[in-house]
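So that we are looking at the same thing, I have put the structure below in structure tokens.
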Number of protein chains: 2
Amino acid sequence: MARNRTTVDREEKRAEILDAATDLFLTNGYEATSMTALAKAAGIATNTIYWYFDDKDALFIEVAERTFGESLAEYGAQVLPTLVDRLLWLVTVFERLNGLTATVHARARVSPSISTWHDDFHATADRWLIHQARQHLAAGANHTPPPTDEQLAAIPRIWSYAIEGMVVHQLSDRERRQVCETLVRQLDAL
Amino acid sequence: MARNRTTVDREEKRAEILDAATDLFLTNGYEATSMTALAKAAGIATNTIYWYFDDKDALFIEVAERTFGESLAEYGAQVLPTLVDRLLWLVTVFERLNGLTATVHARARVSPSISTWHDDFHATADRWLIHQARQHLAAGANHTPPPTDEQLAAIPRIWSYAIEGMVVHQLSDRERRQVCETLVRQLDAL
DNA sequence: ACCTGAACACCGTTCAAGT
DNA sequence: ACCTGAACACCGTTCAAGT
């Protein structure tokens with residue numbers, strides 16, 4: 001029916017704009033990408049973007065969500081035996097987003113939409129990290145006594161801040177491994 | 001002599017502009033502060049700023065340097081007996097810079113001047129943090145064997161990323177203390 | 001419903017002209 | 001040497017007008 005046909009077309013057009021935005025945001029950064037340049041890459045007038053998206057921030061959120069989604073899908077297809085490997089993999093996921101991590105933190109202070117998205121993102125990330133920590137500790141089983149929930153509470157924060165910091169400060173592979181190994185060694189020693 | 005008189009006047013005028021910039025950057029943020037608003041606050045024409053400073057980034061660097069300098073001066077006048085207290089104090093120093101930490105990371109990707117300043121800043125911070133860690137370990141003296149340099153190498157990075165993360169993500173006092181206590185407990189356990 | 005040309009209210013920065 | 005009015009080349013966003 002016509003209703004359905006239209007909906008499909010709309011999604012296709014949205015996807016085209018998102019493709020261009022993803023490409024430009026990841027290669028040139030958010031601030032360096034103007035709506036005009038984005039429209040030109042998508043082959044439409046600048047203001048047409050506003051018929052499909054609320055504003056530039058909304059575009060950014062969808063780009064970030066899409067990129068993270070793709071990365072998480074790849075995770076299932078991989079074998080990352082150790083916790084150190086899994087943390088290092090997370091760093092590469094964030095690195096793919098290039099300067100977007102710094103952009104999120106800067107824009108979260110002025111944009112309510114990006115701020116709430118950022119909060120949700122960290123809530124999800126924290127759950128994943130605490131799960132990884134528990135799994136790692138259970139596999140080791142060489143500690144007496146096991147750390148309490150209270151003691152583990154700060155772990156996902158320290159880890160996510162470390163991951164963001166490594167990406168933002170562009171550490172080398174060697175330095176990253178050193179940091180991740182220290183993080184895991186410190187968890188074991190807790 | 002006239003030479004000297006002129007130099008003094010110039011420094012005074014620079015200081016006036018810096019006062020206005022510090023006030024506006026810290027309360028409204030870097031991006032939200034336009035050169036026009038800044039000029040109005042300083043009581044001069046917008047383009048006059050460019051006779052005293054290269055560009056907006058140069059202004060930012062001087063504001064950041066000045067604010068950190070003042071905070072470090074206060075450090076000497078305080079008594080912070082434990083390492084946890086010292087880390088928590090560092091968080092409040094960064095917090096005073098409001099959203100400027102996120103701005104530094106975002107601008108460092110596009111501005112060479114801010115990038116090199118940022119690198120220098122972290123080099124200094126790393127030396128201070130590693131000194132604090134060593135001092136703390138020496139005071140405790142209840143570990144066998146003491147951690148090697150290799151093992152301590154990642155500590156200043158983990159700490160500075162955690163401090164930046166706590167400020168950027170606006171943790172509560174309680175959460176901050178929890179993170180800092182965990183960081184120190186993990187150092188002791190190393 | 002979809003798309004656009006033109007305009008709006010900005011932005012950081014430059015430059016010729018003043019004193 | 002110091003300061004400015006006016007302009008430059010942008011920016012994200014809006015809106016009336018088209019189809």
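Everything quoted here is computed from the prediction, not taken from an experiment. In what follows, every chain begins at residue 1, and chains take the letters A, B, ... in the order their sequences are listed.
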Per-nucleotide protein contact along nucleotides 14-19 of chain C, 5' to 3', at a 4.0 Å heavy-atom cut-off (B base, S sugar-phosphate only, - neither), is BB----
Hey, can you pull the residues of residues 29-42 of chain A with a non-hydrogen atom under 4.0 angstrom from DNA chain D?
-> A:T33, A:S34, A:M35
A:L80 meets the side chain to side chain contact (heavy atoms under 4.5 Å, CB included) criterion, sequence neighbours left out, with A:Y75, A:Q78, A:D85, A:R86, A:W89
Do any pairs count as a side-chain hydrogen bond (donor to acceptor under 3.5 Å, both in side chains) and have a residue in residues 14-27 of chain A, sequence neighbours left out, and if so which ones?
->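 Qualifying pairs, neighbours excluded: A:R14-A:E62, A:D19-A:R66.
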Non-neighbouring partners of A:R134 that pass salt bridge (Lys or Arg N to Asp or Glu O under 4.0 Å), sequence neighbours left out | A:D149
Looking at A:K13, does any N or O in its side chain come under 4.0 Å of the phosphate oxygens OP1/OP2 on C:dC3?
->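 Yes, within the criterion.
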For the pair made of CG in A:D57 and P in D:dC11, what is the distance, rounded to whole Å?
->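 Going from A:D57 (CG) to D:dC11 (P), I get 17 Å.
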Results of salt bridge (Lys or Arg N to Asp or Glu O under 4.0 Å) for B:E95 - residues two or more places apart only | B:R176
Can you name the residues that form a side chain to side chain contact (heavy atoms under 4.5 Å, CB included) with A:A153, not counting sequence neighbours?
-> B:Q178
Of all residues at least two apart in sequence or in a different chain, which pass the side chain to side chain donor-acceptor pair (under 3.5 Å) check with A:R109?
-> B:N98
Any side-chain heavy atom of B:F60 sitting closer than 4.5 Å to one from B:K56?
-> no
All ring-ring contact (aromatic ring centres under 6.0 Å, His included) counterparts of B:Y52, not counting sequence neighbours = none
Partner set under ring-ring contact (aromatic ring centres under 6.0 Å, His included) for B:F25, not counting sequence neighbours =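 For B:F25 the ring-ring contact (aromatic ring centres under 6.0 Å, His included) partners, ignoring immediate neighbours, are B:Y30.
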In whole angstroms, how far is the C1' atom of D:dG12 from the CD1 atom of A:I49?
-> 10 Å
Out of D:dT4, C:dC3, C:dT13, which has the shortest distance to the side chain of B:I44?
->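 Closest nucleotide among those given: D:dT4.
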Whole angstrom value for the distance that separates P of D:dT13 from OH of A:Y52 | 18 Å
Who are the side chain to side chain donor-acceptor pair (under 3.5 Å) partners of B:S111, not counting sequence neighbours?
->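 Listed in chain order: B:D57, B:S113.
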With Watson-Crick and G-U wobble geometry limited to distances under 3.5 Å, how should the secondary structure of DNA chain C be encoded in dot-bracket form, using | for bases paired to another strand and [ ] for crossing pairs?
-> ||.|||||...|||||.||
Looking at the rings of A:H169 and B:H122, which for Trp means the six-membered one, are their centres under 6.0 Å apart?
-> yes
